[in-house]
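These numbers were taken from a predicted model, which means no experiment stands behind them. Residue numbers start at 1 and run along the sequence shown.
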Amino acid sequence: MNPGRYNISVVQGTTFQLSPSWLIDNLPVDLTGYTADMQVRDVSNNLIVELSTANGKIVIVPALGQINLALTPTQTAAGTLPAGNYNYALNLTDSASNVYQILQGAFIVTASVVQ
């Protein structure tokens, strides 16, 4: 399976929310028992931010095949999330420890004009 490609833009100090769904033949995949992890990394492979079901920044809606990603304004603030161009990947892991990368792309963080 090839992951989908989607570029994300975040403005520092604002709420970030994204709710992709995993569909096969236009039908949602039942994500019961799945966990999710999304890592954002710089070109040197340093971890910039991680969202996961374990840290509460991802919530899965199993019957809809939906993965709700969220960061608060505090979590995207300039002192926490540096402005820059990064890469990310979103992985889902099922109860048998099979890992599926369903989404990847650029993760662009821009400084807020409003201070």
Side-chain angles (χ1 to χ4, degrees):
M1 176 181 98
N2 292 324
R5 181 146 187 91
Y6 183 78
N7 295 331
I8 296 172
S9 293
V10 178
V11 177
Q12 288 177 326
T14 66
T15 300
F16 164 71
Q17 294 178 317
L18 183 67
S19 297
S21 296
W22 188 13
L23 307 174
I24 295 179
D25 295 330
N26 286 329
L27 297 172
V29 173
D30 183 353
L31 299 179
T32 301
Y34 280 72
T35 60
D37 182 65
M38 182 176 113
Q39 293 187 348
V40 177
R41 294 186 175 270
D42 66 16
V43 294
S44 297
N45 208 31
N46 296 307
L47 182 65
I48 301 302
V49 65
E50 183 170 21
L51 295 82
S52 70
T53 48
N55 68 19
K57 295 175 184 166
I58 297 179
V59 175
I60 294 175
V61 182
L64 300 178
Q66 190 173 38
I67 306 104
N68 297 320
L69 312 158
L71 293 170
T72 67
T74 301
Q75 293 166 331
T76 65
T80 306
L81 188 60
N85 295 326
Y86 308 109
N87 294 304
Y88 80 92
L90 174 62
N91 289 343
L92 294 176
T93 305
D94 68 16
S95 57
S97 298
N98 295 305
V99 178
Y100 305 94
Q101 187 172 108
I102 64 162
L103 206 56
Q104 65 180 9
F107 192 93
I108 302 161
V109 180
T110 56
S112 176
V113 172
V114 178
Q115 300 296 318

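For N26, the side chain to side chain donor-acceptor pair (under 3.5 Å) criterion is met by no residue, not counting sequence neighbours. By the side chain to side chain donor-acceptor pair (under 3.5 Å) test, T32 is found to be paired with D30, residues two or more places apart in sequence or in another chain being considered.
P3 is not listed as a side-chain neighbour of I102, based on a closest heavy-atom distance of 4.5 Å or more. Residues Q75 and K57 are in side-chain contact: their nearest non-hydrogen atoms beyond the backbone lie under 4.5 Å apart.
Within a 6.0 Å radius of CG in N2, other residues, nucleotides and ligands contribute 12 heavy atoms or fewer.
V40 and V43 are not part of a single hydrophobic cluster, where members link through side-chain heavy atoms under 4.5 Å apart. By the rule that hydrophobic residues join a cluster once side-chain heavy atoms approach within less than 4.5 Å of another member, Y34 and I24 end up as members of one cluster. Cluster annotation: I48 and L103 are assigned to the same hydrophobic cluster (Ile/Leu/Val/Met/Phe/Trp/Tyr, side-chain heavy-atom contacts under 4.5 Å, transitive).
Under the 3.5 Å distance criterion, the side-chain polar atoms of N68 are left unmatched by any main-chain donor or acceptor of L18. Judged purely by atom type and a 3.5 angstrom limit, T53 uses its side chain to pair as donor or acceptor with the backbone of A36. Not one N or O on the side chain of D25 forms a donor-acceptor pair closer than 3.5 Å with the backbone of L27. Of the possible donor and acceptor atoms, one in the side chain of T76 sits under 3.5 Å from a partner among the backbone N and O of T14.
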Acceptor/donor pairs from residues 81-90 side chains to any protein atom, 3.5 angstrom cut, sequence neighbours excluded:
unit_1: Y86; atom_1: OH; unit_2: P82; atom_2: O; d: 3.0
unit_1: Y86; atom_1: OH; unit_2: A83; atom_2: O; d: 3.4
unit_1: Y88; atom_1: OH; unit_2: Y6; atom_2: O; d: 2.5

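In this structure, R41 and N45 approach most closely via the heavy-atom pair NH1-O, 2.6 Å. Of all non-hydrogen atoms in P28 and L64, the two that sit nearest each other are CB-O, 3.2 Å. For the residue pair D37 and S52, the shortest heavy atom distance occurs at OD1-CB, 3.5 Å.
Between L69 atom CG and I8 atom CD1 the span is 6.5 Å, to the nearest 0.5 Å. If you take CG on L71 and OG1 on T15, they are separated by 9.0 Å, rounding to the nearest 0.5 Å. Between the CZ atom in F107 and the CE atom in M38 there is a gap of 5.0 Å [rounded to 0.5 Å]. Interatomic distance, I67 CD1 to I58 CD1, rounded to the nearest 0.5 Å: 8.0 Å. With rounding to the nearest 0.5 angstrom, the CG atom of L31 is 5.5 Å from the CD1 atom of I60. Put simply, OG1 on T110 and CD on Q12 are 7.0 Å apart, with the number rounded to the nearest 0.5 Å.
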